Every structure is written in structure tokens, then in C-alpha cells.
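One-based numbering along the sequence shown. Everything quoted here is computed from the prediction, not taken from an experiment.
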Amino acid sequence: MRKLKNSELGRITVDAFKKVEKTPLIVVLDNIRSLNNVGSVFRTSDAFLIEKIYLCGITATPPNKEIHKTALGATESVDWEYVKDTLTLVEKLQQENVKVLSIEQAENSTMLNDFVPEDNQKYAVVMGNEVKGVQQEVVSASDVCIEIPQLGTKHSLNISVSCGVVLWDLFNKLK
């Protein structure tokens, strides 16, 4: 077995990425503090052809040296927009027939492995603050609350890890 060289990976250009059909997923970052986490979400979103990222509240925006360090250029490929208030954005997306999924541990949440997406439905995934999670008002306004099953002693994952798990799962279910 031989590791592949970068030139053998068949990566598309940024221009090709902009034109290719996207996964019907939007990522909403709700008050993310860590610039490294923001950059990691950009990179994961590039990998799974995510339509757009919304950066909300205190979430930093590109261009930023710390975001670039983990995004490795994905801020150029993935469309993004800053919106000050997450709840206002959620309500706007719902008016556009986008189903909003908050990733949070909550009453009556649906386990990620049990979630079955609807055909021809676009989804927005809300990822919350590293300490406080998704704002309660946003959880309350969401169409579904998705929980990642966890069996160990720690019942939390880093936001960039959570985003990777959720996007991989939904990418597979939506394709």
C-alpha cells in the first residue's frame, strides 16, 4: 500500500467547486469563540460540498490568520455570510422552506443515527458555542433537535468534531 500524492487525489479547483452541485445543507455557527473551530468547519464543509456557512454573533469571519490556519483555503471555496442574530437567521431560513436542525442535547431530541431526512428537503445545521451550546431560543425555534449518541463519561464533543460527525452522516443520508 502506498500513500497517494496530492497530485493523485483528483481535487477540484475553487472555480469548479463553485459550479458543482452542492449537498442541500447549510451550516450555521452560533457564537463560536475558537477561530480554529471556525476554520475546521470551513474545511469540513468544503469536503462535503456544503452549500453555505452562516457565521453568527461573536463568530469571527474571514479573512483571519487563525481561521486560515485550519481552513487551509476553504474560506475561498465555501460560500459564507455573517449574520448578527442567529434566531433571525433561523426564522428567515424557515420562511425559505429550509428545515432547521439544532445539534444539541435536549428533551425529545432525535439521535443522529435515527434521523431520516425528507426527500428533496434542504436542511440547516446549527452548531453551538463551545461552552453554552446552541442558544435556547434557537433550540426552541428549530424544527428538530439532533443529538449525537455518546456513551463515555464525557457528554460533549468539540464543535469541529461534532460538525464533522453530523455533516458526514447527513451527507451520506442526502446523497
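We find the CG-NZ distance between L87 and K84 to be 14.0 Å, quoted to the nearest 0.5 Å. Here E147 contributes atom CD and M111 contributes atom CE; the two are 3.5 Å apart, rounded to the nearest 0.5 Å.
Just one residue in the list V126, L170, T110 forms a side-chain contact (heavy atoms from CB on, under 4.5 Å) with L101, and that residue is L170.
By the neighbour-count criterion of 12 heavy atoms within 6.0 Å, atom NZ of K173 is densely surrounded, having more than that number from other residues, nucleotides or ligands. Residue N97 qualifies as open at atom CG: its count of foreign heavy atoms under 6.0 Å is 12 or below. Heavy-atom contacts from other residues, nucleotides or ligands closer than 6.0 Å to CG of D114 number more than 12. By the 6.0 Å contact criterion, CD on E21 is open, its count of non-hydrogen atoms from other residues, nucleotides or ligands being 12 or less. More than 12 heavy-atom neighbours from other residues, nucleotides or ligands sit within 6.0 angstrom of CG on N113.
Closest non-hydrogen pair, N31 versus T59, comes out as N-OG1, 3.3 Å. N129 approaches K132 most closely through the heavy-atom pair OD1-N, 3.0 Å. Scanning both residues, V14 and E76, for their nearest heavy atoms gives CG1-O, 3.5 Å. The heavy-atom pair separating T70 from G39 by the smallest distance is OG1-CA, 3.1 Å. The shortest heavy-atom contact between I53 and S45 is CD1-OG, 3.5 Å. Minimum interatomic distance between P62 and I67 (heavy atoms only, all atoms of both residues): N-CD1, 4.0 Å.
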Check step by step if side-chain contact (heavy atoms from CB on, under 4.5 Å) holds for E81 and V83. CA-CA 6 Å; E81 182 180 337; V83 175; 4.0 Å; yes
Please lay out, stage by stage, how V125 and I26 fare under the test side-chain contact (heavy atoms from CB on, under 4.5 Å). CA-CA 6 Å; V125 175; I26 295 166; over 6 Å; no
Full working for side-chain contact (heavy atoms from CB on, under 4.5 Å) between V134 and I103: CA-CA 7 Å; V134 178; I103 309 305; 5.6 Å; no
Let me see the working for Y54 and V27 under side-chain contact (heavy atoms from CB on, under 4.5 Å), right down to the final yes or no. CA-CA 6 Å; Y54 285 97; V27 174; over 6 Å; no
Donor-acceptor contacts, no H, no angles, side chain residues 159-168, under 3.5 Å, sequence neighbours left out:
unit_1: S160; atom_1: OG; unit_2: N158; atom_2: OD1; d: 2.7
unit_1: S162; atom_1: OG; unit_2: N158; atom_2: O; d: 3.3

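One N or O on the side chain of T13 and one on the backbone of A16 form a donor-acceptor pair closer than 3.5 Å. In this structure, Y82 contributes its side chain and G57 its backbone to a donor-acceptor pair below 3.5 Å. At distances below 3.5 Å, at least one donor-acceptor pair connects side-chain atoms of K18 with backbone N or O atoms of S77. A donor-acceptor pair is defined here as one N or O able to donate and one able to accept, closer than 3.5 Å; no such pair exists between the side chain of N37 and the backbone of I32. Judged by distance alone, with hydrogens and angles left aside, the side-chain atoms of D143 form a donor-acceptor pair with the main-chain N or O of V100 at under 3.5 Å. Between the S102 side chain and the E104 main chain, no donor and acceptor come within less than 3.5 Å of each other.
Under the 4.5 Å side-chain heavy-atom criterion for ILVMFWY residues, no single connected hydrophobic cluster contains both L25 and V98. Follow the hydrophobic side-chain contacts under 4.5 Å out from V138 and you never reach L29; the two are in separate clusters. A single hydrophobic cluster is seen to contain both V38 and L157, as judged by linkage of ILVMFWY side chains at heavy-atom distances under 4.5 Å, directly or through other members. L55 and L72 fall into different hydrophobic clusters, where Ile, Leu, Val, Met, Phe, Trp and Tyr side chains are chained together by heavy-atom contacts under 4.5 Å. L89 and W80 are not part of a single hydrophobic cluster, where members link through side-chain heavy atoms under 4.5 Å apart.
Using a 4.0 Å cut-off between a side-chain N of Lys or Arg and a carboxylate O of Asp or Glu, R2 and E8 qualify as a salt bridge. Using a 4.0 Å cut-off between a side-chain N of Lys or Arg and a carboxylate O of Asp or Glu, E51 and K122 qualify as a salt bridge. Salt bridge present: E66 and K69 bring a charged side-chain N and a carboxylate O closer than 4.0 Å. Between D79 and K22 there is no salt bridge, since no side-chain N of the basic residue sits under 4.0 Å from a carboxylate O of the acidic one.
Between F171 and F48, the ring-plane angle classifies as tilted under the 30° and 60° cut-offs.
Q105 and S109 form no side-chain donor-acceptor contact under 3.5 Å, judged by distance and modelled atom types alone.
Under the 4.5 Å side-chain criterion, counting only non-hydrogen atoms from C-beta, D119 is not in contact with Q121.
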